[in-house]
Amino acid sequence: MTPDTNTIEAPDIAGVSPLSQREKRDLQKAQLRPLANRRPELYEEDEYTSDEYEQMMDMYNGTLASIEEGEIVKSKVLEIRDNLVVLDIGFKSEGTIPLEEFKDLPDLKPGDEVEVLLEHLEDQEGSVVLSKKKADFMRVWERIRVAYESDQPVEGTLVKKIKGGVVVDLMGVDAFLPGSQIALRRVPNIDELLGQKYEFKIIKLNKRRRNIVVSRRVILETERAGKREKLMKELEKDQVRKGVVKNITDFGAFIDLGGVDGLLHITDMSWGRIQHPSEMVAIGAELEVKVLDIDWERERISLGLKQLQSYPWKDVAAKYPVGTRVSGKVVSITNYGAFIELEPGIEGLVHISEMSWTRNVRHPSKLVSIGEAIEAVVLKVDPTEEKISLGMKQTEQDPWMVLPLKYPVGTRINGKVRNLTSFGAFVEIEPGIDGLIHISDMSWTKRVQHPSEVVKKGDDVDVVILNIDSDNKRISLGLKQAEEDPWLKIGENYPVGTELRGKVVRLMDKGVVVDVGNDIEGFVPISQLNVTGKPIQSPADVAWETMNLDVRVLEVDPIHRRIVLAVTGIPEEQPPRPETPSKVFTEDGEATAADVPPEVIAAALAEAETTEG
């Protein structure tokens, strides 16, 4: 039953009498006073009867019941000012919203209806607080919530790059896309993606904080999983498939086969030598590759590019027979030689020993450099091991083969001393060709202990060719042979019984060697050394190096080139005797140049090369 609007019953509270008619009217006036403050033209105390007050109260209470804070309501545009839009929502007062919230409605005009959010019925000034931006957000939020709860993708646009990721416009609402969720792999340049539209999955939602986190990677992973499952059924070893280069590293390139990536290793790109994969492929390029191996458990697919080309080592022996003169480019240098590219995929090795007939090469870089074009001769071909042995020196005549004809034994030549060793001196007779003067061939009369006693490095000397070994590339030279043998006349110059004064130059275990002048040395046996009559156990008991002795010639033997002497006296004038006894040498057979090991000679020649280089 509809209550009687002519009377308003107060609550029946015990002990309180009902309101009088006057009190009821005062109460109504108090309730309507807020409206009177805003719309005075609608309210004049003396112009309304009690029934009219009751009707106005019903209208006012009905309005309050139909509008609540936090709801989206319809409003009408009353006026558009410079930066404000005045709206009427059918309440006691109008509300205003900044014009910037209507950017999506450029043609907005008075009379248009728009939906807005009623934030507050009254602010401090009694105005309605409205927001179109929040109303839009609430409408979009509902769609976003539904998409999130139903795990449905939503479309968005990448707007701007921020720390840690990208801002995405999601139906007019900003969402955050972490950098790790942009793609399956790290994106090198995010700026290139700005302005692009993609589908995203909402992975986090917080309405209170208005926080939306989206992911594109989740969608890509789902797509990849589907493609991978399909590809697993189709992909087989030795297949030839098309792919797109996704990424390039120092060791190869990753190829997208359509949902699954395969690795094209640098060694499978070309039969030839390449320094970096970028020489063969570029990001985004499409190419055909061959499937070399598949490991689904480790998710690894090995691909090959060179396997689609003909194998270059096929029939290589027929193409490069032994003895063929070839040309190529130096592509690599090692300690033991240089690799020469004869054609893409075919390389040969010039060993360091095959680089020069005459020079002792310490390192290949002394003769060749990367990128240099050279000529060589094929020495050996091994197609199974993919090896070709080349020789650079074989492109020229071996000078050692003509040396015996050019320098017969006994030829007298002049050369420069290039190096001294403990066993002799090396003399250059031609550029790059050295001969050895052994210490036994340096003097007719002295037993030379070190070459420096006779010659110095850099000296020009006359020598005689004693022997040439072309196979082992050795030349024996004689320094003493360039002079007349004095032993033919020593017997005449030093007859037996001749008295001489000499100097001890060396102590031997069986006597002492004495220099008697004119580079002639004689030997005093230990039995002829004692002038005191006391027994002598060692020459060091009575003699020392540089000691002066008076001696007499006992024997001259030109055949064995020796003079035997006997001590006749010890002069009073003597150099100081060393505190340390002189070293006593053991008598051994005299060594010759043939006794020097080849490796020792090679090391000495190499040392000379290094010193001069």
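Basis for what follows: all heavy atoms, side chains included, without hydrogens, waters or symmetry-related copies. Counting begins at 1 with the first residue of the sequence.
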Salt bridge or not between [X] and [Y]? Use side-chain N to carboxylate O under 4.0 Å.
{"X": "Asp112", "Y": "Lys76", "value": "no"}
{"X": "Lys133", "Y": "Glu100", "value": "no"}
{"X": "Glu347", "Y": "Arg273", "value": "yes"}
{"X": "Glu221", "Y": "Arg216", "value": "no"}
{"X": "Arg241", "Y": "Glu288", "value": "no"}

Mark yes or no for whether [X], through its side chain, and [Y], through its backbone, hold a donor-acceptor pair below 3.5 Å.
{"X": "Gln181", "Y": "Pro178", "answer": "no"}
{"X": "Thr157", "Y": "Val159", "answer": "no"}
{"X": "Asp315", "Y": "Ala318", "answer": "no"}
{"X": "Trp271", "Y": "Tyr311", "answer": "no"}
{"X": "Glu101", "Y": "Ile97", "answer": "no"}
{"X": "Lys134", "Y": "Leu118", "answer": "no"}
{"X": "Trp313", "Y": "Gly345", "answer": "yes"}
{"X": "Gln239", "Y": "Glu234", "answer": "yes"}

Inset, instruction - List the atom of Glu119, the atom of Ser131, and the distance in Å for their closest heavy-atom pair. - result: OE2-CB, 3.3 Å
Could you grab the distance from atom [atom1] of [X] to atom [atom2] of [Y], nearest 0.5 Å is fine?
{"X": "Tyr198", "Y": "Leu220", "atom1": "OH", "atom2": "CG", "answer": "9.5 Å"}
{"X": "Leu379", "Y": "Leu349", "atom1": "CG", "atom2": "CG", "answer": "10.0 Å"}
{"X": "Ile72", "Y": "Leu130", "atom1": "CD1", "atom2": "CG", "answer": "12.0 Å"}
{"X": "Leu303", "Y": "Leu257", "atom1": "CG", "atom2": "CG", "answer": "5.5 Å"}
{"X": "Ser75", "Y": "Glu113", "atom1": "OG", "atom2": "CD", "answer": "8.0 Å"}
{"X": "Leu390", "Y": "Tyr320", "atom1": "CG", "atom2": "OH", "answer": "10.0 Å"}

Going by heavy atoms in the side chains, are [X] and [Y] under 4.5 Å from each other?
{"X": "Met280", "Y": "Leu305", "answer": "yes"}
{"X": "Ile144", "Y": "Val146", "answer": "no"}
{"X": "Phe339", "Y": "Ile333", "answer": "no"}

Inset, instruction - Tell me, yes or no, whether the heavy-atom count around Arg145 atom CZ, taken from other residues, nucleotides or ligands under 6.0 Å, exceeds 12. - result: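 For Arg145, atom CZ is crowded (more than 12 foreign heavy atoms under 6.0 Å).
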Legend entry - CG (Asp82) with more than 12 external heavy atoms under 6.0 Å: no
Inset, instruction - Just do the side chain to side chain contact (heavy atoms under 4.5 Å, CB included) check on Val331 and Ile340 with the steps written out, would you? - result: CA-CA 6 Å; Val331 293; Ile340 314 300; over 6 Å; no
Inset, instruction - Just do the side chain to side chain contact (heavy atoms under 4.5 Å, CB included) check on Ile283 and Lys246 with the steps written out, would you? - result: CA-CA 6 Å; Ile283 292 178; Lys246 291 187 64 177; over 6 Å; no
Inset, instruction - Before giving the answer on side chain to side chain contact (heavy atoms under 4.5 Å, CB included), spell out for Ile346 and Ile388 the whole-Å C-alpha distance, their side-chain angles and the decisive distance to 0.1 Å. - result: CA-CA 9 Å; Ile346 301 293; Ile388 297 179; 3.9 Å; yes
Inset, instruction - Show the numbers, then the answer: is there a salt bridge (Lys or Arg N to Asp or Glu O under 4.0 Å) between Glu115 and Lys132? - result: CA-CA 7 Å; Glu115 289 186 334; Lys132 178 180 180 298; over 6 Å; no
Inset, instruction - Please step through salt bridge (Lys or Arg N to Asp or Glu O under 4.0 Å) for the pair Lys329 and Glu372, ending with a clear verdict. - result: CA-CA 6 Å; Lys329 181 176 65 176; Glu372 180 182 353; over 6 Å; no
